[in-house]
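To find a chain, count down the sequence lines: A is the first, B the second, and so on, and within it residues start at 1.
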Amino acid sequence: MSGLKKVRGLVQLLGDGVDAGSRGIEKVQKRLAQRTFDVLEAIPPVAPPARAVHVAHDACVGLTHASIRTVAKAVGIGLDVALDVAERCYVAPPPAAGEPTASDPGRPDNRT
Amino acid sequence: MGKQLDLAVAILNGLVGDHLARTSNALATDLGCWRDGAEVPLTADGLRAAYPDASDRIAVLVHGLMCTESVWQMPDGTDYGSRLARDLGMSPVYVRYNSGRSIPDTGAALAAFLDALIAAWPVPVRELVPIGYSMGGLVVRAATHVAATGGASFLPLVRRVIYVGTPHRGAPLERVGRVVTRLLRSIPDPVTNLVGDIADLRSDGLKDLGDADVRHEDRARRRAAFSLRDPEHPVPLLRGIDHRLIAGSLRGDPRIVQLFGDSLVPVLSGTDGGCIDEASMKEPPTHVAYLPGIDHMTLAHHPLVYDRIRAWCDPREEPACPV
């Protein structure tokens, strides 16, 4: 396995980690808030505004975590493209006719 | 640096290797044969180049969880494979695999690999001697089970299998992990549940060690929620093969030693019930070697373990009582 492949795998794994972590924390934040809102929504005078704040809160949390996941995905795609470019630059083009080959000891082998 | 990076990738594979394989991540290790830090192509030319003095007797060394073939290396640079080549003229084949995949899946991959190895080996193969360390022993069992049920054809070449520190009746540490995870997930608190969810992310391979699951149907069976006892394994060691077991242990009181074994595998599990009390630990059955004072990690590269392996690999040695 080449070094670049490992880096690509690591980037993918980090992306998966951010995605899963963000979803887990989002769930926890919403469930923790739910406890407080459950109490507030059980008191008749404050129930209607509490319900509205609850919806707004959940929407904000959802939006924040969706943004985190989107940015992480975008960074992942960006790094993937950068690695593609690096891979193309790193691998030498095939030798033209008449040129010494990579197995020629006189020429350094720059393949991965 | 290369060896350390390989080890880091192996640890990652052991932790989340099932996820890596499912998501086609480049860090997932494909099962293959490795020698001197390089993968050996499973072709006639590749094997001929890697094994110019190929023998008709092959020792297949299968490492354990979160390891590479470097786990076999002794301080003097030799290992069980190279010593078997030196002493008995066998050819060592070091298998590297993704230890986070489920044991039945890895066993099926190993079975296919062994068939391909035999087909491409430079000389006709007379005998295959699989040597499995820790989880590797269960992977070998899974592979022989696949072959016994018609999924592979290498089985007639296997007369004996050697298990080193293999948890035949499961690993209690993983079962403790399972219990803790279930407890955390059963508490009605979102933060505790999250911690439980994170603990449950550990790989299928790791979870299979708890009850030594070597078949998919074993993985699917219902388990007692909080049982910490050694289960009776539903798949007995395959008949028709001479199974040899090596178990180590920490030093100390026999009852403590029986419980903690080599620190990860209890003596009862490592010997598949061959050593059940102080008397049987002093005089184990002929197919079992019990080596007190050798812990789990050291079992993979200890001269006393090699002495047993060498004796058992000697072609002149008669099979012990079949299990």
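- Using a 4.0 Å cut-off between charged side-chain N and carboxylate O, B/Asp45 and B/Arg48 make a salt bridge.
- The closest side-chain donor-acceptor pair between A/Gln29 and A/His65 falls under 3.5 angstrom.
- Proximity of the aromatic rings of B/His301 and B/Tyr80 is defined here by a centroid distance below 6.0 angstrom, and this criterion is not met.
- Salt bridge B/Glu174/B/Arg202: present, at least one basic N to carboxylate O contact under 4.0 Å.
- With respect to chain A, the highest number of heavy-atom pairs below 4.5 Å among B/Asp30, B/Thr23, B/Leu201 belongs to B/Thr23.
- Heavy atoms of A/Lys30 lying under 4.5 Å from chain B are absent altogether.
- Using non-hydrogen atoms only and a strict 4.5 Å limit, the part of residues 189-199 of chain B facing chain A consists of B/Asp189, B/Pro190, B/Val191, B/Asn193, B/Leu194, B/Asp197.
- When A/Arg8, A/Lys27, A/Arg35 are compared by the number of non-hydrogen pairs under 4.5 Å with chain B, A/Arg35 comes out ahead.
- Using a 4.0 Å cut-off between charged side-chain N and carboxylate O, B/Asp204 and B/Arg101 make no salt bridge.
- Judged as a ring pair (Phe, Tyr, Trp, His ring centres under 6.0 Å), and not counting sequence neighbours, the contacts of A/His54 are A/Phe37.
- Checked by atom type, the side-chain pair B/Asp79/B/Tyr94 shows a donor-acceptor distance below 3.5 Å.
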